[in-house]
Amino acid sequence: MKIEIVKDKEEMARYISDYLVTEISNRTTLNLGCATGSTFEEVYHRLVEAHKQKNVSFSHVRTFNLDEYLDISDEHPETYKNTMERLLFNHVDIPTHQRHFPPSDEHAEYDAYDEFIRAQGGIDIQLLGIGVNGHIAFNEPGSSFTSKTHKVALSKSTRKANARFFDSMSSVPQYAITMGIQTIMNAKSIVLAASGKHKAKAVKHMIEGKIDESLPASVLRRHDDVTVVLDNAAAKHLKEG
Ligand code: GLP
């Protein structure tokens, strides 16, 4: 696990977006695993700027989002699909048919998403945030390390953390569909970003604690190509060096 500590959220976004622009420019195809959440908002903003100001083309990029809410209307601005459109897709040239989300209708075979990703050549770079309880995507503490894309009931702490995007706690969705931990581990490389002191405890456990299903992100230490980008606040509990 490679660890990069930068000053603040802005530097973190610069670091990640510079890396992505280089990869997008150097490759003829790129399968990008996309995360939502506030951590990546500035990263997407910078990608849009790169497209508009430096003519960086995204036409060969295929995206695979990590997760989506289930009990929410398609028109709601906070679905992850609508969020991705607002932040990135409406402003760059990724063709619509190259943007993918986990299947979210009630009767879907959710793990078909794993097969689909594999058939598309697998994910080259997976972007990941981390929840205050150490979740990755919506794999809550206790999720199996061998899980594929599946439906989850969101934990109270996750619903509380995401309540800021909704009018009230009662309108925060209760269920979501998420890539499983195995789905994420199948990515060829992973970039996890965390910013702010509220993430510091989860970050410390992920890097220094036991590799255990009680903290889903700890599994990433078993992957051989993970870069963790932290700002000073998120890194504050880590041992020196
Ligand atoms: C959300 C998302 C995750 C995200 C995490 C952190 O619930 N499902 O994919 O990484 O929580 O979110 P934020 O970046 O807003 O802190």
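Indexing begins at 1, ligand by ligand and atom by atom, following the structure's order.
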Check your understanding: Does Asp124 pair with Lys188 as a salt bridge, N-O distance under 4.0 Å?
Key -> yes
Tabulating one pair per line, provide the atom names and distances (0.1 Å) for every N/O atom of ligand 1 that is less than 3.5 Å from a protein N/O atom.
{"residue": "ligand 1", "atom": "7 (O)", "partner": "His135", "partner atom": "NE2", "Å": "3.4"}
{"residue": "ligand 1", "atom": "7 (O)", "partner": "Asn162", "partner atom": "ND2", "Å": "3.1"}
{"residue": "ligand 1", "atom": "8 (N)", "partner": "Asp67", "partner atom": "OD2", "Å": "2.8"}
{"residue": "ligand 1", "atom": "8 (N)", "partner": "Ala137", "partner atom": "O", "Å": "3.4"}
{"residue": "ligand 1", "atom": "9 (O)", "partner": "Asp67", "partner atom": "OD2", "Å": "3.4"}
{"residue": "ligand 1", "atom": "11 (O)", "partner": "His135", "partner atom": "NE2", "Å": "3.1"}
{"residue": "ligand 1", "atom": "14 (O)", "partner": "Ser38", "partner atom": "N", "Å": "3.3"}
{"residue": "ligand 1", "atom": "14 (O)", "partner": "Thr39", "partner atom": "N", "Å": "3.0"}
{"residue": "ligand 1", "atom": "14 (O)", "partner": "Thr39", "partner atom": "OG1", "Å": "2.4"}
{"residue": "ligand 1", "atom": "15 (O)", "partner": "Ser38", "partner atom": "N", "Å": "2.8"}
{"residue": "ligand 1", "atom": "15 (O)", "partner": "Ser38", "partner atom": "OG", "Å": "2.8"}
{"residue": "ligand 1", "atom": "15 (O)", "partner": "Arg164", "partner atom": "NH2", "Å": "2.8"}
{"residue": "ligand 1", "atom": "16 (O)", "partner": "Lys199", "partner atom": "NZ", "Å": "2.6"}

Exercise for review: Verify whether one side chain among Tyr175 and Tyr69 offers a donor that lies under 3.5 Å from an acceptor in the other.
Suggested key: no
Review point. Is Glu78 paired with Arg164 through a side-chain N to carboxylate O contact shorter than 4.0 Å?
Key: no
**Study point:** Note: Glu115-Arg118 ion pair, threshold 4.0 Å (strictly below)
**Key:** yes
Review point. Are any of the side-chain heavy atoms of Phe58 and Leu32 separated by less than 4.5 Å?
Key: no
Revision key, fill the gap. Checking Glu68, Glu140, His135, His150 against Thr178 for side chain to side chain contact (heavy atoms under 4.5 Å, CB included), the one that qualifies is His150
